[in-house]
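Single-structure report; data block below.
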Amino acid sequence: MRDDFEAWVHARSRALARAAYLLVGDVHLAEDLVQETLGRVAQRWERVARQGTPDAYAHRVMNNLAVDGWRRRVRRPREVAETAHESADSAPASGTTEALALRDALMRLTVKQRAVLVLRFYEDYTEVQTAGLMGCSVSTVKSQTRHALQRLRELAPDVLAEFDDRREVAQP
């Protein structure tokens, strides 16, 4: 079983790290989030592996931890300001202006809205799967997605307009 867990971690850790970064917007917080997630998955590995749902379980744990972390930071406003400042300093050097604008816009969404967007559009889960991972109804996923995309269009209109144009070209 340990070899299976290690192989899964090796195969999925990069994707989990990218998803965590999209959720929290800070490289260091994302690393901590992934480590905490992997620790919790390891504790339940036998059951999760037997059910064949390690990715789904990991995403659910990660989303719950991100929400819990956000709640803790809200209770301590000074930390939020420090974290926001650190996030701006830890932006990837190779990132484009559009990617940074999108990241900044994502960070202005609620954690739940970011989680919905990451699961639906980055991880490519269906609405039903996303609802199951987040522990909410499909209608909540739909409304959170709608509100998040509307807010992103307000915060980063140029970035999303370019994305929408590419999607239209790709569709027959």
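For clarity, every value in this text was computed on a predicted model and none was experimentally measured.
For the atom pair CD (E123) and CG (L133), the distance works out to 9.5 Å, reported to the nearest 0.5 Å. With values rounded to the nearest 0.5 angstrom, L65 atom CG is found 4.5 Å from R40 atom CZ. For the atom pair CZ (R47) and OG1 (T53), the distance works out to 7.0 Å, reported to the nearest 0.5 Å. With rounding to the nearest 0.5 angstrom, the CG atom of D4 is 10.5 Å from the CD atom of E46. Here the CZ-CZ distance, from R114 to R108, works out to 12.5 Å after rounding to the nearest 0.5 Å. Rounding to the nearest 0.5 angstrom, the gap separating the CD atom in Q129 from the CG atom in D124 is 8.5 Å.
The shortest side-chain heavy-atom distance between F121 and L22 does not fall under the 4.5 Å cut-off. Residues L23 and L29 are not in side-chain contact: their nearest non-hydrogen atoms beyond the backbone lie 4.5 Å or more apart. Residues L109 and L117 form a side-chain contact, since some pair of their non-hydrogen atoms from C-beta on lies under 4.5 Å apart. With a 4.5 Å cut-off on side-chain heavy atoms, V27 and Y21 count as touching. A heavy-atom distance below 4.5 Å is not found between the side chains of Q51 and Y57.
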For residues 10-17, which side-chain N or O atoms pair as donor and acceptor with protein atoms under 3.5 Å away, sequence neighbours left out?
from	atom 1	to	atom 2	distance (Å)
R12	NE	D55	OD1	3.2
R12	NE	D55	OD2	3.4
S13	OG	V9	O	3.1

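Of all non-hydrogen atoms in V34 and A20, the two that sit nearest each other are CG2-CB, 3.7 Å. Taking every heavy atom of both residues into account, S139 and S137 meet most closely at OG-OG, 3.0 Å. Between A66 and L33, the closest heavy-atom pair is N-CD1, 3.9 Å. The minimum heavy-atom distance linking H59 with Y125 is given by the pair CD2-OH, 3.5 Å.
Hydrophobic clustering, with ILVMFWY side chains joined whenever heavy atoms are under 4.5 angstrom apart, keeps L119 apart from V48. No chain of hydrophobic side-chain contacts below 4.5 Å, direct or via other Ile, Leu, Val, Met, Phe, Trp or Tyr residues, connects Y122 to L155. In the hydrophobic clustering of this structure, L149 groups with V118; members are Ile, Leu, Val, Met, Phe, Trp, Tyr whose side-chain heavy atoms approach within less than 4.5 Å, directly or through other members.
Between W45 and W8, the angle of the ring planes lies from 30° to 60°, which puts this pair in the tilted group.
R60 places a side-chain N or O within 3.5 Å of a backbone atom of G132 that can act as its donor or acceptor partner.
Shown are N64, V61, D32; of these, the side chain to side chain contact (heavy atoms under 4.5 Å, CB included) with T37 is made only by V61.
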